[in-house]
K.L.:
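Take a look at the following structure, please.
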Number of protein chains: 2
Amino acid sequence: MSHSQSSTLAAAAEDRLRREIFDGQLPPGTRLAEAAEARRLGVSRVPVREAFAALERDGLLEFTETGRTVVKKLTPQDFEELFALRLLLEPSAARAAFPLSQKHRLLLEENLSATRNAKTLDEVTRLDLEFHQLIVAASGNARLLKLWRSLRSELELWLGYLHRQHRDQDLNTRVGTAGSHEEILLCFQTRSAPACEKLMREHILGWREWLPLSDENPSK
Amino acid sequence: MSHSQSSTLAAAAEDRLRREIFDGQLPPGTRLAEAAEARRLGVSRVPVREAFAALERDGLLEFTETGRTVVKKLTPQDFEELFALRLLLEPSAARAAFPLSQKHRLLLEENLSATRNAKTLDEVTRLDLEFHQLIVAASGNARLLKLWRSLRSELELWLGYLHRQHRDQDLNTRVGTAGSHEEILLCFQTRSAPACEKLMREHILGWREWLPLSDENPSK
DNA sequence: ATGGCTCCTACGGTATACCGAATCGTGAAA
DNA sequence: TTTCACGATTCGGTATACCGTAGGAGCCAT
């Protein structure tokens, strides 16, 4: 664990494992053992154990009945669940976030500006999720934000898989996402809470639409 | 940790601490130290540490910036957030749960039967939450159930506080809850998905209504 | 060749020990 | 009396060690 800004070894281990799972270095189904990962990461089993626990509650790992730890396999069914929950949570969050506070308006504008300047697909994806999270945060319901964040890791995992499978096509469709976000922010500034809710709903439905799904999936 | 059906000491410690928090033996704001709790529970620090982590993610404990562990204080604001989320999640779950599978219908009927025979207020409360959880589970969305369960502990905590403050009055109003649940099950068997969604929404609104709030709260 | 049994290994659960940092109490100085 | 500083204590983070058990490999019997 040579360099990492995390204050605790457990957090550093969690970050690293999370990244390795996202990057596909630890494909779904991989069995992880505390001792082995501890050796590999150069720490003892205790921080690794805590990292496993954290990643499990984020849905990236899975504990079997017998205590084994496995990188979770995501099925199209899993994705449909995530989609259904976004469709449930985010429009409501948008409605509650209206009207936007000065602070959150600025944060969203910064996000859009960063998105316009983004160079890589991963960066655009991260900013995309960040935009949505900002709106959930703006709703003022801390627990709602917590629920959303608990879905975020799995979402990122899915998007990562999809990007690796359709590296070419996504870059174009991504432009649409950014424009859609600008439209949403404009809606917050010029229209009503129900309008924002409706627009967010349509945005997520559209997002579901252009995602290439169910032809190939990373599980099994 | 003399007797407990939990297979692991960490789970047993978690159960015990959870119960003590619910019972009010560990009032909000109480500072918990790993070593002290380990001595008190007769285990080492490791299981206690894991129990703390689990209870923190359940919202019953709180880690301060400096790493201290404190029993969380619930404010009326917290309760409003929980209420808003139930109002968002559960009606949708009811819609998705329609039509009820044989299995879930039986489970709900068992629940109502147990409620009719219940003797103590705590038991009725537990069965009440169980009824709602069953419907969320019947929605078929495992992640939705996970989100709901993550709210349950805090909900139980709140209800526990309220019961201790209004021990007399609640017993009567509880009868209404049970009847309301029967109505909901009937709706599932005789009407439509939107009807169930609407009824669930009204049920939760009614629940919010009769709860004695904002006059006294356990925080600060 | 196949099914089952046994032994061995690897893994997770737990206890204990060590360390640095934060906290609190105490006493000295202003 | 108040305040500041310093030492003792506590606490959380981490490492290491021990134990029981589950899984797997190899062997034997059929």
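Please read these numbers as outputs of a predicted model, since none were measured by experiment. In the text below, chain A, chain B and the rest are named by the order of the sequence lines, each starting its count at 1. Heavy atoms only: backbone and side chains are in, while hydrogens, waters and symmetry mates are out.
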K.L.:
What residues form a ring pair (Phe, Tyr, Trp, His ring centres under 6.0 Å) with A:F131, not counting sequence neighbours?
P.N.:
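Per chain and number, A:F131 pairs via ring pair (Phe, Tyr, Trp, His ring centres under 6.0 Å) with A:H181.
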K.L.:
Mind calculating the distance between CD (A:E65) and C1' (C:dG12) to the nearest angstrom?
P.N.:
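Interatomic distance, CD of A:E65 to C1' of C:dG12: 14 Å.
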K.L.:
Sequence neighbours left out, what passes side-chain contact (heavy atoms from CB on, under 4.5 Å) with A:E20? Give chain and number order.
P.N.:
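Once residues adjacent in sequence are excluded, the partners of A:E20 under the side-chain contact (heavy atoms from CB on, under 4.5 Å) criterion are A:R16, A:L17, A:Q25, A:L26, A:R40.
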K.L.:
Quick one: list whatever passes side-chain contact (heavy atoms from CB on, under 4.5 Å) with B:S139, sequence neighbours left out.
P.N.:
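For B:S139 the side-chain contact (heavy atoms from CB on, under 4.5 Å) partners, ignoring immediate neighbours, are B:A93, B:A96, B:N141, B:L144.
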K.L.:
Report the residues that fulfil side-chain contact (heavy atoms from CB on, under 4.5 Å) with B:A114, sequence neighbours left out, ordered by chain and then residue number.
P.N.:
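If we apply the side-chain contact (heavy atoms from CB on, under 4.5 Å) test to B:A114, skipping adjacent residues, the hits are B:L127.
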K.L.:
Along nucleotides 5-16 of chain D, 5' to 3', which nucleotides get a B, which get an S, and which get a -, given that the test is a protein heavy-atom distance under 4.0 Å?
P.N.:
------SBBBBB
K.L.:
Among residues at least two apart in sequence or on other chains, which ones pass side-chain contact (heavy atoms from CB on, under 4.5 Å) with A:F98?
P.N.:
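Applying side-chain contact (heavy atoms from CB on, under 4.5 Å) to A:F98 gives A:F188, A:A193, A:C196.
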